[in-house]
Structure formats: structure tokens, C-alpha cells
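This report concerns only the one structure given below.
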Amino acid sequence: MALLLRSSSSKSNLLNVFRHNLGFGSRSHVTRYLRQHITLGPPLRVSQSPISRFCNTMIEKLSTIGEHEDSNDQVMNFPGGKVAFTPEIQFISESSKERVPCYRVLDGNGQLITNSQFVQVSEEVGVKIYSNMVTLQIMDNVFYEAQRQGRLSFYATAIGEEAINIGSAAALTPEDVIFPQYREPGPLLWRGFTLQEFANQCFGNKSDYGKGRQMPIHYGSNKLNYFTVSATIATQLPNAVGAAYSLKMDRKDACAVTYFGDGGSSEGDCHAALNFAAVMEAPVLFICRNNGWAISTPTSDQFRSDGVVVKGRAYGIRSIRVDGNDALAMYSAVHAAREMAVREQRPILIEALTYRVGHHSTSDDSTRYRSTDEIEWWNKARNPLSRFRKWIGSNGWWSDEMELDLRSRIKKEMLEAIRVAEKTEKPNLKNMFSDVYDVPPSNLKEQELLVRQTIKSHPQDYPSYVPL
Amino acid sequence: MAALLGRFCRKLSFPSSSHGARRVSTTACESETGKPLNLYSAINQALHIALDTDPRSYVFGEDVGFGGVFRCTTGLSERFGKNRVFNTPLCEQGIVGFGIGLAAMGNRAIVEIQFADYIYPAFDQIVNEAAKFRYRSGNQFNCGGLTIRAPYGAVGHGGHYHSQSPEAFFCHVPGIKVVIPRSPREAKGLLLSCIRDPNPVVFFEPKWLYRQAVEQVPEHDYMIPLSEAEVIREGNDITLVGWGAQLTIMEQACLDAEKEGISCELIDLKTLLPWDKETVEASVKKTGRLLISHEAPVTGGFGAEISATILERCFLKLEAPVSRVCGLDTPFPLVFEPFYMPTKNKILDAIKSTVNY
């Protein structure tokens, strides 16, 4: 028997040696054996030999180990609850062997996968989902072109993510409050925001509910329970949790829903929100559009986890990964999640896997950091619209004629909306100074007067399209 | 020591009877009855009243459940329940972000940040979300029900991270209000105004005064208006402007100056954003001299804003440059705190050199 004399580990080393040499299964078996078989008399009086003294000490120590461990057995109460002990050094692996599977219902050809679980949609709803997806696609293309022609200052499309936008929206009720990032006009569209209303905001005219204060695509509608977009990433996430808590306290049959991207999942506010939502038991849906890109940053530069879905467990949040290009799966997942969130008063995390087909915005040319082949493949082979169209077509709910009809109607409507928005006058200058506070304080009243005086002196410095 | 402080605190509770001053605080004058309360008890009373008068109001933050590290939230969770008064995880950006969402749904969210030194993780939420919530939405939405409370200021041994006065950062943000009370009675009335104001407010409480300052605080529900400065001591030779705990020091300097024949007018600004320029302007037009004092570092401090504004408005009436007696441009030091602070004698020296300019 090797005698290892490093004192702090000598106990356990010896026990392990016993284990190894005598074939015991565990340390507690060893100690029990020792206690049974080593008789403890009074400590042997000091003999000259240090080795004997050592042996006596070790026997004493060994014989008392078993008592201590056995009385506390296998678990211990720490703050937070019972935890089982383990004598093995085992690190939880940084990743599972398998990635979290992705829920999908329609295959690449729009056929229902056998034995798939999903929430049935009526013809009316199915057609509305598809029509809205088409409308969103056309709206995006027309606005994008308008920006390219210099008629709009800026735009960002949601091309490729129509199924997430509309599929999720369709599963919510009008009372569910939405906190978007900026690539989710779908829920607004679903709830009845008109193409004209979208155009008014993009052109910042006097009919813009935002009163011309923000860049295009920063929509908001209190009537439709859709909080105004702010460009800051992920700041809406903790806000959504607070709103969900309000719904909880008011006992509303409603939840908060907030969207963010793969990039947004890295922000501190995302961590803060998930943690708060779990602790507050807030009825909030966190819908992550993992579209593979945060401007030019691919997800491999964004995180090293298995996407975003695995982060839910770290906070104690139930999570699901969904095929974001499958509108029926999105609809079903959000439907189920919403029900859980409201009935059980808990947050749910949904990671929708998809691909950002468009550039980040009109200020970006994504061919500079990714291949056109990749973009094309997703746009063609994985197109969410064609997939869902095949399904509603196979149900007899849709036809080529209806398709042509819808597309030409929406295109016309869009062009008209832009024409009208473009020539509607801008909001009055006084809107620059209102709403900073509920009523303008004296410094703002003073500044408005000064600005108006300056305009009189130097009218050429100021755009004539802002009414005074 | 306690007697000395008690004397100064009684001075601070003078109802302002100044003629010629722009504004006089009258709201609490009618009933000077009430119990002697310290600052944290006065704040506690305000919170009790706020939660009692609005069932959709909430108090939350780190450790508020058991009463808070400064006892400001004592008794609230027992009285109003854990659903309305609760601890949050240790995450300021989450606390304020959550508060904004709650306020956006029409509730009053009264958030506590444990020390003003720790407010910075929430700065993005405050500046980019809370301050712009109403404006960017075209007034479709607002988070006016949000009030953020944080203890600020020197305590004698707080060092870098328990002594800061960050008010200047927030005064630069259109869309929020910044309020700092000088005493228990003021704190209760101002806090209730902040909570009920339809704009998001940051309320800095002078932690040094939590226990040190004691004064008669009326027990009823009263509010002190925001954006109204108060002349708390009348004088003719020089105007002094300050806020929070610094006013106690400034008042001592005024008393010493009086012995040397200098008559000082002392103004409590109370609301720093939007601030009451008219009251300060009227006073400086009378005295011709201005001295501003704050604990925060002098460079970029709020004193600079007051100085620039008064210079614009009162240039020809000024007999001397505007003086600023403030903290130094260092992180708040521990051992060197007495050297860092804008002390009574530093202020007195500055009063004299301004008067003798």
C-alpha cells in the first residue's frame, strides 16, 4: 500500500488506494469496511518509529471518516434547496451531443409531415396568413425600391422572415402587447395597420403617428397595442417584462410579446429580461428571430452556445426551437406558448431559425460579407411564402388566380400609398417641441421662439417643406 | 453634535417668508404640525401615501422587501403585499427597464437604485427609452409613472462607490426630470410630486441626511411643486445656489459671512431639470453676485449650466465672476474626502473674494 504523505489529500488518496486495491465500489464502502475491521484501542503510545506513529494517526482518521459522511448521506441543504453530492469531478459539457431539435410541421414542399403536432387553422385564417405574408413581401420590396430611387431616406426589409412575422402575429390576441425590435412589421399588418399608415411613418408626414420624429420603420400604434420601435438593441426586452407584470397584476387574459434577433440575444438587456421574467413569473413571450446575421456578424461570432434556445434553461425558462420559415409551425408554437404563458403565468422563449434574405438595411450591402449563392438559396429553396402557399393550395384554399389578383392589388395599393404619403405635408414645426414632456417647460418655449426668429432671419437655411 | 445638527436642521425648515423672492414654498406652511422625522422616515411616509392613494403603484428594487438598506421602504411590503413591493434581481438595467414597461402600461413604478453610484447600467434605459418614450411615439405612449430613487452624496467614509453625485449626467437628458430634496419635509412633498408627475423622474436622496436631518414633517398627503426654486434665506450682497445636503454647509457659510457683514441670499434649486431660472435670475439681478456649490466634480458639473445661463441673463448686473465651489476633478476619495469636499470655509473664502472682487 503506497503511503502518500501530502496531508490534505492523504485521506482521500488512501481511501482511493483502498478502493482500487480492494475493489470497493465507493469510498463509503471503504470506510464502513475499515470501521468494522480496524479495532480502535487507546492510541498506541509513542513508539520511536515515525512510520508507526503515522499509521496510528491514519487509522484514527480513517475510522472517523465514515461516521461524518454517513450521517449526512447523499444530499445537503444549501440556500436554494437540496443538492446531491457527487464524488466525481464532472464538468457539465459546454454543449449537448445533439443540437436542440427544431420544430417544423410543413416539409420543404409545403406538405404536412406525418404525425406532426400543430394547431389547426381555418381556411379564413390560413388565407389571411398567406395574404399578409404576400403583402409584407410586396410592401418591403416597394419601400426598398423607393429608397433606392431616393424617395425614402432609409428602409429595412423583413424578406425571408415573413413566416415569423405573420405566423406569430396570427397566434396572438389583439390584447397581447407587443414590444418589437425593428424587423417585425408583420404583427402591425396583421392587426390592421394600413399600407398608408406604414407609408406615412416612412415619409414622416403629418399623418405619421410618430409626428415625424423618427427614421422610417420606427412604427408604433397604441390602438393596436404595438409599442413604438426604438433602434437600440434589446432595450425592449425588460420593458416587455414590466408590461407583462402589469397584465399579470391586472389579471388580464393577455401576455406581452417581444421580438429580438440573434444579435440582440448578446445584449445585457436580454439577460436582464430573461432573469426578471423568470423571477417575476411574468406572462411574456420572448421570440428570437435567429436569422444568422447581425449586420455582417454571423452567429459564429455572436455566441458559442447552441443558438439562443439553450439559454432559456439557464434562467429557468421553458423554451422551444422552431423552423422560422414554416408559418404553420410558427403559428402553432406561438399559440401553445401564449396559452402556457397566460394560463401558467410564466415566460416562454421561442427561437425561430430563419435567414435574413435582405441586407441589414438600405445602408448595407450584404454581398460584401456573404455569398450571393447563399442568399439566393435561402430565397428560393427555403422561401417561407412558397412553402405555405403549397400547403394552402393543397387544401384547396388558394389558386394562381387569387395569387395574381392579390399581388397586383397590393402592388397598386402600395404605389398609391407612397404617392399620397410623399405629397402629404410634413408635421408642423411645433411638433419638434411638444411631447418632450407632458407640457413644454419654459426652456423649450424659449427655444421655440428663438428658432422661429432665426428662421425669419435666415429662411434659406431651413427646409420649406416643414410648415411653420 | 446632535444639537448642532438639530439647530441647522431647524433652520432648514424655515418657511420661506422672503419678499422680493420669486417663489415661496407655501404648501407645507399651513400645517407645521407633524412629527419630527428623519429623512428616511419622511421618504418612507411618502411611499406609504403613494401606494395607499394609487392601487396601481409599485415599489421595487434590490432589498426593498425587508425595508431597504436605508430603511426607506420599511413596512411597505407588509402593508401592501409582496406583489406590489418586492425585491428584484441584482441588475439595475433590468430594474429600470422593467419599471419603464410597468409605467408604460399606466402604472406608477417607483424604482429604487441602491446607490446612485450603481445607476449607470440603467443609463441606457433612462436616456434612450424612458426619456424618449413619449416623444418618439408621438405621445401614443409614455412612461410618466416612472420614478427612480437613489441615495447620493458623501457620507464621510463612502469612497468611490458610495459617495457619488451623478446628477449632471441626467440633467443633460431632455425628457426626464431631476429632483434633489434638502430635508425631510421637502423630501416627502417633492417625492410625492415626482411620483405623481406625468414624466419620468430621477430623485436623488442625500444619504448623509437619512438619519442626520430631523425636522417637523406634516403627516398628511402634501406635494411640493417641481421646477420651483426656493429662497430659503434672504440677503442682498450675494446669491448662493445649491441643492441637497450641500445647502446645510452653505447655510453655515452664510451665517459666518453675516458675522463679517456680508448678507447672503441662499436658494435651494430643488429641481435641476427643468430648473427655475427665473428665481435665480431675479435674485442675482438684486445681489449682483452668484456662487454655486455642489459635491459633484466641478468640471462639467451642473454649476456650469447655472453659471452660463445666469451670465447670459444677468451679465450687466454682475459685479464679479460667477464662483463655483465644488468637488474636485477626482474620483471620490476615501482618506482625502475632507480635502475633496466643498467645505464651509472654502465657500466662505469664495463669498469674500467674490464680494471683494
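In what follows, every chain begins at residue 1, and chains take the letters A, B, ... in the order their sequences are listed.
- Here A168(B) pairs with nothing under the side-chain contact (heavy atoms from CB on, under 4.5 Å) rule; sequence neighbours left out.
- Taking S305(A) as the reference, K311(A) meet the side-chain hydrogen bond (donor to acceptor under 3.5 Å, both in side chains) condition, with sequence neighbours excluded.
- How far CD1 of I100(B) is from CZ of F227(A): 11.5 Å, rounded to the nearest 0.5 Å.
- Looking at V173(B), the atoms closer than 4.5 Å to chain A (heavy atoms on both sides) all sit in the backbone: N, CA, C or O.
- The two residues F276(A) and I95(B) make their nearest non-hydrogen contact at CZ-N, 3.4 Å.
- When the side-chain contact (heavy atoms from CB on, under 4.5 Å) test is applied to A50(B), the partners found at least two apart in sequence or on another chain are I110(B), L192(B), I195(B).
- Only the backbone of I176(B) comes within less than 4.5 Å of a heavy atom in chain A; its side chain stays farther off.
- For V436(A), the parts lying near chain B are the backbone and the side chain together; criterion is any non-hydrogen pair under 4.5 Å.
- With a 6.0 Å radius and a threshold of 12 heavy atoms from other residues, nucleotides or ligands, F169(B) has its CZ atom at or below the threshold.
- For M432(A), the parts lying under 4.5 angstrom from a heavy atom of chain B are both the backbone and the side chain.
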Compile a table of inter-chain donor-acceptor pairs under 3.5 Å between chain A and chain B, counting both main-chain and side-chain atoms.
| from | atom 1 | to | atom 2 | distance (Å) |
| --- | --- | --- | --- | --- |
| R213(A) | NH1 | Y135(B) | O | 2.9 |
| G220(A) | O | Q140(B) | NE2 | 3.0 |
| N222(A) | N | Q140(B) | OE1 | 3.1 |
| N222(A) | ND2 | Q140(B) | O | 3.2 |
| S230(A) | OG | E129(B) | OE1 | 3.2 |
| S230(A) | OG | E129(B) | OE2 | 3.4 |
| T232(A) | OG1 | E129(B) | OE2 | 2.6 |
| T235(A) | O | Q125(B) | NE2 | 3.1 |
| T235(A) | OG1 | E129(B) | OE2 | 3.0 |
| N239(A) | ND2 | G97(B) | O | 2.9 |
| N239(A) | ND2 | Q125(B) | OE1 | 3.2 |
| Y245(A) | OH | N83(B) | O | 2.5 |
| S246(A) | OG | N107(B) | ND2 | 2.8 |
| D250(A) | OD2 | R56(B) | NH2 | 2.7 |
| D269(A) | OD1 | Q93(B) | NE2 | 2.8 |
| D269(A) | OD2 | Q125(B) | NE2 | 3.0 |
| M432(A) | O | Y135(B) | OH | 2.7 |
| D435(A) | O | Y135(B) | N | 3.4 |
| Y437(A) | OH | G175(B) | N | 3.2 |
| Y437(A) | OH | I176(B) | O | 2.7 |
| D438(A) | N | N199(B) | OD1 | 2.9 |
| D438(A) | OD1 | N199(B) | ND2 | 2.8 |
| E446(A) | OE1 | R313(B) | NH2 | 2.8 |

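- Of the two parts of V177(A), only the side chain, counted from C-beta on, holds a non-hydrogen atom closer than 4.5 Å to a non-hydrogen atom of chain B.
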